[in-house]
Amino acid sequence: MATVISEETATLRGAMTPLPYRVARKRRENHDNWTLELEPVDAAIDPIGPGQFTMLYAFGVGEVPISTSGDVETTGTTLVHTIRAVGAVTKALCASVPGDVVGVRGPFGNRWPIDAARGRDLVVVGGGVGLPPLRPAVYHALAHRADFGKLVVLYGGRTPDDLLFRKELERWRSRLDLAVEVSVDSAGSGWNGNVGVVTRLIPSAPFDPDDAVAFVVGPEIMMRFTARALIDRGVPADRIWISMERTMRCGVGLCGHCQLGPTLICRDGPVYRWDELAPLLGVPEL
Ligand SMILES: Cc1cc2nc3c(=O)[nH]c(=O)nc-3n(C[C@H](O)[C@H](O)[C@H](O)COP(=O)(O)OP(=O)(O)OC[C@H]3O[C@@H](n4cnc5c(N)ncnc54)[C@H](O)[C@@H]3O)c2cc1C
């Protein structure tokens, strides 16, 4: 007898089945980060949006959440992911070569609230490997430049060697309709740029705090201090958005690994409004 399953169960089953994607191109970004461009072998996942992530499966090793770092409006069914090799799965993904096949589930999570920034200044603050998840939002703002006020990208890394997308940052910097400031925590003699934590760039960055929306990604401590600095500058807490990272397994709100207070980051996040997120992190000043 045929088993009848509900539409919801069928959808979840679909969401739990990785689709094969072939590594089409691979680019080294720095000493421990690679960007993979993945093309569907057969069927493609639904279009991914800025801020969303997929579960990437290195067959026989494991599966990890990785954000889209590409220009989602122009890449079609090709997925662009920038991955830092930190452990078993990310090292296996970064060791893959063009022609290899990986599994993809998704897209999962919510998107950057780009509509909330439309008509206002958009301030994007990235720390370390926090820049890749922000890049699709920057691409969107550049492609629809007239929809936004000032566009500001602030980026911090530990050292110049840890910075991602350096050539692209230089290209962006040469534009007259975008302000880019980069800072490193420590640098040798070959670095003529800013030195210090990224939050130091906030007081003098060219945006109007009364009319700005901020998107922030980086290590949790950096995101806390960035939110604080933005608030000190006058940006309201409900116009600051943060993308959270936690260990994930299912990606669809079933396993509970990524629980944060009453929310599940895979289902309700990863993008949260700071005034709603801060109490969950136990940040006393809000
Ligand atoms: C929504 C979301 C989006 C993400 N997007 C990206 C992305 O675009 N690019 C990217 O490189 N990574 C991203 N990550 C982080 C990535 O999923 C983890 O680095 C990965 O799960 C590590 O798995 P692993 O098996 O390689 O390492 P593991 O063996 O699990 O861990 C190896 C080491 O890395 C540390 N580690 C594990 N997870 C993290 C983490 N999330 N942050 C910091 N340190 C960690 C561990 O403590 C351990 O020391 C994202 C995570 C989430 C939740």
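Note that the coordinates shown come from a computational prediction; the quantities given were computed from them, not determined experimentally. For the numbers below, each heavy atom of this structure counts, side chains included, while hydrogens, waters and symmetry mates do not. Each ligand, and each atom within it, is numbered from 1 in the order the structure gives.
Looking only at distances, a side-chain donor or acceptor of Asn110 sits under 3.5 Å from a matching main-chain atom of Asp268. A donor-acceptor pair is defined here as one N or O able to donate and one able to accept, closer than 3.5 Å; such a pair exists between the side chain of Arg239 and the backbone of Ala212. Formation of a donor-acceptor pair under 3.5 Å by the Lys26 side chain with backbone atoms of Ser96 is found in this model. Of the possible polar contacts, none joining the Asn33 side chain to the Glu29 backbone as a donor-acceptor pair under 3.5 Å is found.
Contact annotation for Thr82 and ligand 1: only backbone heavy atoms (N, CA, C, O) come within less than 4.0 Å of the ligand.
Among protein heavy atoms, the minimum distance from atom 3 (C) of ligand 1 is reached at Ser67 OG, 3.3 Å. Protein heavy atom in closest approach to atom 25 (O) of ligand 1: Val89 N, 3.2 Å. Glu245 OE1, 3.5 Å is the protein heavy atom nearest to atom 40 (C) of ligand 1. Closest protein heavy atom to atom 1 (C) of ligand 1: Phe53 CD2, 3.7 Å. Of the protein's non-hydrogen atoms, the one nearest atom 21 (O) of ligand 1 is Val64 CG1, 3.2 Å. Atom 26 (O) of ligand 1 has as its closest protein heavy atom Thr90 OG1, 2.4 Å. The nearest heavy-atom contact from the protein to atom 19 (O) of ligand 1 is Val86 CG2, 3.5 Å. Protein heavy atom nearest atom 10 (C) of ligand 1, with residue, atom name and distance: Ile66 CD1, 3.7 Å.
Between Glu37 and Arg27, at least one side-chain nitrogen of the basic residue sits less than 4.0 Å from a carboxylate oxygen of the acidic one, meeting the salt-bridge criterion. Between Arg200 and Glu181 there is no salt bridge, since none of the side-chain N atoms of the basic residue sits less than 4.0 Å from a carboxylate O of the acidic one. Salt-bridge annotation for Arg173 and Glu170: absent, with no side-chain N of the basic residue lying under 4.0 Å from a carboxylate O of the acidic one. A salt bridge links Glu168 with Arg135: the closest approach of a Lys/Arg side-chain nitrogen to an acidic carboxylate oxygen falls below 4.0 angstrom.
Under the 4.0 angstrom criterion, atom 30 (O) of ligand 1 counts as lacking any protein heavy-atom contact. Protein non-hydrogen atoms do not reach within 4.0 Å of atom 46 (C) of ligand 1. Distance check for atom 23 (O) of ligand 1: a protein heavy atom is found below 4.0 Å. Protein heavy atoms all stay at least 4.0 Å away from atom 37 (C) of ligand 1. Counting only heavy atoms, the protein never gets under 4.0 Å from atom 49 (O) of ligand 1. Protein heavy atoms all stay at least 4.0 Å away from atom 43 (C) of ligand 1. For atom 13 (C) of ligand 1, the nearest protein heavy atom is under 4.0 Å away.
Here the shortest heavy-atom pairing between Gly130 and Val217 reads O-CB, 3.3 Å.
The 12-atom threshold is not exceeded at CZ of Phe225, counting heavy atoms of other residues, nucleotides or ligands nearer than 6.0 Å. Within a 6.0 Å radius of CZ in Arg158, other residues, nucleotides and ligands contribute 12 heavy atoms or fewer.
Each of the atoms 11 (O) of ligand 1 lies under 4.0 Å from some heavy atom of Ile83. Taking a cut-off of under 4.0 Å to the non-hydrogen atoms of Arg246, the atoms of ligand 1 that pass are 53 (C).
In this comparison of Gly87, Pro65, Pro132, the heavy atom closest to atom 28 (P) of ligand 1 sits on Gly87. Of the options Gln52, Arg135, Lys91, Arg84, the smallest heavy-atom separation from atom 11 (O) of ligand 1 is shown by Arg84.
Taking CH2 of Trp191 as the start and OG of Ser186 as the end, the distance is 11.0 Å to the nearest 0.5 Å.
Residue Ala88 places a heavy atom less than 4.0 Å from ligand 1.
For the pair Phe215 and Leu122, the minimum side-chain heavy-atom distance is below 4.5 Å.
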